[in-house]
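Notes for the one structure printed next.
Throughout, a chain's letter reflects where its sequence line sits, starting with A, and its residues are numbered from 1. Since this is a predicted model, take the numbers as computed values, not measurements.
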Amino acid sequence: MLFGGIELPGHPDLANIRALDLLPIPQICRMMQVGVAIDVERLGEISEILATKMSELELEITSYIPPAYLNAFLEESGEDIAINVDSAEQIAELLFKVLKLGEGKDLKRTPSGLRISTGKKQLEKLKRDHPVIPKILEYREASKLKSTYADALPLLAKDENGAKVIHTQLLTTRTSTGRLASKKPNLQNIPTRTKLGQMIRRAFISRPGCRLISIDYSQIELRLLADRANERKMIEVFRTGGDIHVFTAMQVFDISDPALVDHLTQRNPCKAVNFGVVYGLTAAGLYDLIVVTYATAGLPVPDWVTIEWCEKFIEKWFGIYSDALEYFQLQHWRARRYEMVWDMFGRTRLVPEVRSQIERVQYAGLRQAGNLPIQAAAAGVMKIGMARVERVLEGIRASGIYAEALLPVHDELLIEVDAEWAEEVEELCRWEMEQALVDEESGELRCRVPIKTEGSIMTRWSKAA
DNA sequence: CAGCACGGCGCG
DNA sequence: ACCGCGCCGTGCTG
């Protein structure tokens with residue numbers, strides 16, 4: 001029996017899931033009431049920076065409209081500006097009708113099929129064909145960050161004794177996998193991946209005299225895959241504390257020395273596949289991923305990277321991790337047999353799609369079936385971890401010290417504590433989260449690999465502490 | 001003015 | 001044709 005009486009039945013178990021889902025509820029209520037402080041002035045500055053950048057880019061983009069078309073564009077928009085870069089429709093017209101880019105290439109259409117897609121993936125592939133493309137991508141990034149974050153967040157902030165505080169709504173019954181969701185605003189998608197994005201994230205601050213503590217589960221989904229699939233090679237790597245992506249590359253490319261593994265051409269694709277298999281990654285999907293990776297790095301894609309090569313790559317991966325292959329096959333079999341799959345805690349998901357006559361729908365159902373036992377297990381681990389952390393924080397608060405959980409972000413928990421106690425609290429909370437799968441009675445770890453976390457103490461929320 | 005579908009994109 | 005979310009602006013309709 002785990003913390004809070006949670007079991008690992010390994011079969012559908014509604015009572016167990018009810019108990020698991022209730023576990024973090026008191027903490028969730030607290031988090032919504034406590035809220036997160038933001039630096040509204042900083043967000044204002046960022047908004048200005050982004051606005052400036054956007055008008056510069058807008059001018060540059062306009063300059064690429066051939067003079068013969070300028071009047072047509074002006075008329076269409078009915079404004080004094082020629083083109084609205086925020087309009088995918090107008091960008092598609094510029095790129096594919098006026099500039100006639102990508103002729104001869106098989107350009108992907110939008111899901112509705114109404115027009116050619118101008119999504120990031122597609123534009124990355126065309127990046128080298130015309131100088132306007134990177135400008136559009138840059139504009140899109142700035143526009144997204146400005147409208148969704150820099151401008152929107154301050155409007156939702158409430159004045160609370162001198163600080164501006166954001167209160168999100170955490171949804172506990174929104175997802176099909178047991179994850180939590182966040183809305184008004186969504187604080188689970190605050191930027192982190194780009195330089196500009198990190199500026200936004202750094203506008204989330206600790207209250208005066210406090211520190212933010214971020215603790216995230218390290219590769220939790222891969223570790224759970226290793227455990228649930230009893231995947232021998234993965235278990236060995238995680239037990240010995242090795243780099244799973246480097247190990248994969250050594251196996252796939254038959255390299256004996258970890259130092260000889262090349263990052264761009266070997267470790268990165270392996271990392272993509274290691275994460276991607278949990279989502280049901282296909283050869284086409286991997287190919288896209290690699291193309292975008294190279295394009296983003298500003299490099300031409302080597303001609304040995306083909307769909308066929310990606311197929312071989314994935315086959316090789318499942319040859320190496322053959323227990324993982326069997327595990328996914330078991331989930332697919334269950335999905336077809338019962339139209340249902342379940343995770344280690346007994347959470348179920350119906351997947352009637354696997355009986356569809358439409359192949360595309362059927363495959364989507366199978367990917368969902370393969371993904372659920374892993375994503376749901378990770379969500380369950382997080383719920384136990386959260387409840388254990390809250391027990392510790394309650395004790396700390398009882399001695400008059402400020403200590404509050406602020407926000408769960410799927411495999412990360414953001415905590416706020418009196419600056420004086422940050423180091424101690426970080427260590428305690430990391431320990432609690434890492435003990436999520438430890439049996440309360442025997443003290444035994446109910447997982448074949450250790451559950452690890454990484455923690456950092458900050459005054460501003462950011463990935464690089 | 002409100003509501004909707006769509007394309008697009010932020011995060012884990 | 002890569003899983004799970006929520007939210008933005010556009011373009012259109014009632």
Side-chain angles (χ1 to χ4, degrees), chain A residues 76-78 83-92 108-123 136-137 139-153 156 168-171 174-194 196-198 200-201 216-221 225 272-273 275-289 292 307 310 314 328 331 341 349 351 358-376 378-379 382 407-413 463:
Chain A
E76 225 174 292
S77 67
I83 188 169
N84 183 350
V85 189
D86 285 317
S87 165
E89 193 180 338
Q90 294 181 34
I91 290 297
K108 218 189 86 182
R109 304 194 72 83
T110 58
S112 67
L114 287 178
R115 53 177 179 264
I116 299 170
S117 167
T118 69
K120 192 183 170 83
K121 252 186 197 163
Q122 303 310 308
L123 293 195
I136 292 170
L137 287 167
Y139 179 95
R140 289 243 178 104
E141 185 194 356
S143 169
K144 176 84 177 180
L145 295 178
K146 183 171 186 292
S147 63
T148 308
Y149 306 101
D151 293 343
L153 291 174
L156 294 165
T168 187
Q169 286 180 42
L170 295 169
L171 311 182
R174 194 78 176 89
T175 67
S176 47
T177 57
R179 273 188 173 184
L180 303 173
S182 159
K183 71 168 186 182
K184 294 200 306 185
N186 181 358
L187 292 187
Q188 291 181 325
N189 72 344
I190 300 304
T192 185
R193 293 176 188 174
T194 67
L196 285 173
Q198 284 172 27
I200 302 272
R201 182 165 284 225
D216 66 283
Y217 282 110
S218 164
Q219 294 167 333
I220 184 68
E221 291 194 346
L225 173 61
V273 177
F275 286 121
V277 285
V278 177
Y279 304 145
L281 183 70
T282 60
L286 175 60
Y287 179 75
D288 270 359
L289 219 59
V292 171
I307 298 266
C310 291
I314 293 174
F328 287 116
Q331 305 310 326
V341 286
R349 174 171 182 168
V351 278
I358 304 160
E359 216 177 8
R360 200 181 67 78
V361 174
Q362 210 181 103
Y363 282 133
L366 290 173
R367 286 194 300 271
Q368 290 162 3
N371 177 257
L372 175 108
I374 303 301
Q375 188 179 125
M382 182 65 174
L407 183 72
V409 194
H410 309 306
D411 64 355
E412 171 187 2
L413 186 60
K463 271 287 130 105

Sugar-phosphate only, base, or nothing, as touched by S182(A) at under 4.0 Å among non-hydrogen atoms: sugar-phosphate
Integer-rounded Å distance: dG11(C) C1' and I91(A) CD1: 15 Å
Test item: T177(A) side-chain N/O and A376(A) main-chain N/O as donor-acceptor pair under 3.5 Å: no
Rounded P spacing from dC2(C) to dA5(B) in Å: 25 Å
Nucleotide range of DNA chain B lying under 4.0 Å from chain A heavy atoms: dC6(B) to dG12(B)
Overall bend - the helix from dC1(B)-dG14(C) to dG12(B)-dC3(C), comparing terminal axes fitted on five pairs, nearest 10 degrees: 10°
Nearest atoms (heavy-atom pairs only) where K121(A) meets V292(A): CG-CG2, 3.7 Å
Smallest separation among heavy atoms of P191(A) and R201(A), with atom names: O-NE, 2.9 Å
Rounded distance in Å - CG (L171(A)) to P (dC7(C)): 8 Å
Could you list the protein-to-nucleotides 12-14 of chain C atom pairs, N/O on both sides, closer than 3.5 Å?
none

With sequence neighbours excluded, residues passing side-chain hydrogen bond (donor to acceptor under 3.5 Å, both in side chains) with Y139(A): D86(A)
Sugar-phosphate, base or nothing in reach of K183(A), heavy atoms under 4.0 Å: sugar-phosphate
d(CG, N189(A); P, dG6(C)) in whole Å: 10 Å
Sugar-phosphate, base or nothing in reach of R115(A), heavy atoms under 4.0 Å: sugar-phosphate
Side-chain (Q90(A)) to main-chain (V85(A)) donor-acceptor, under 3.5 angstrom: no
Within 6.0 angstrom of R109(A) CZ, more than 12 heavy atoms from elsewhere: yes
Write down the protein N/O and nucleotide N/O pairs, taken from nucleotides 2-4 of chain C, whose separation is under 3.5 Å; answer none if there are no such pairs.
{"from": "dC2(C)", "atom 1": "OP2", "to": "T282(A)", "atom 2": "OG1", "distance (Å)": "2.2"}
{"from": "dC2(C)", "atom 1": "O3'", "to": "R367(A)", "atom 2": "NE", "distance (Å)": "3.4"}
{"from": "dC3(C)", "atom 1": "OP1", "to": "R367(A)", "atom 2": "NE", "distance (Å)": "2.5"}
{"from": "dC3(C)", "atom 1": "OP1", "to": "R367(A)", "atom 2": "NH2", "distance (Å)": "2.9"}
{"from": "dC3(C)", "atom 1": "O2", "to": "Q375(A)", "atom 2": "NE2", "distance (Å)": "3.3"}
{"from": "dG4(C)", "atom 1": "OP1", "to": "R349(A)", "atom 2": "NH1", "distance (Å)": "2.6"}
{"from": "dG4(C)", "atom 1": "OP1", "to": "R349(A)", "atom 2": "NH2", "distance (Å)": "2.8"}
{"from": "dG4(C)", "atom 1": "O4'", "to": "Q375(A)", "atom 2": "OE1", "distance (Å)": "3.3"}
{"from": "dG4(C)", "atom 1": "O4'", "to": "Q375(A)", "atom 2": "NE2", "distance (Å)": "3.3"}
{"from": "dG4(C)", "atom 1": "O3'", "to": "S176(A)", "atom 2": "OG", "distance (Å)": "3.4"}
{"from": "dG4(C)", "atom 1": "N3", "to": "R179(A)", "atom 2": "NH1", "distance (Å)": "3.4"}

Sequence-distant partners of Y363(A), ring pair (Phe, Tyr, Trp, His ring centres under 6.0 Å), two or more places apart: none
Nearest heavy atoms of A181(A) and Q188(A), plus distance in Å: CA-OE1, 3.4 Å
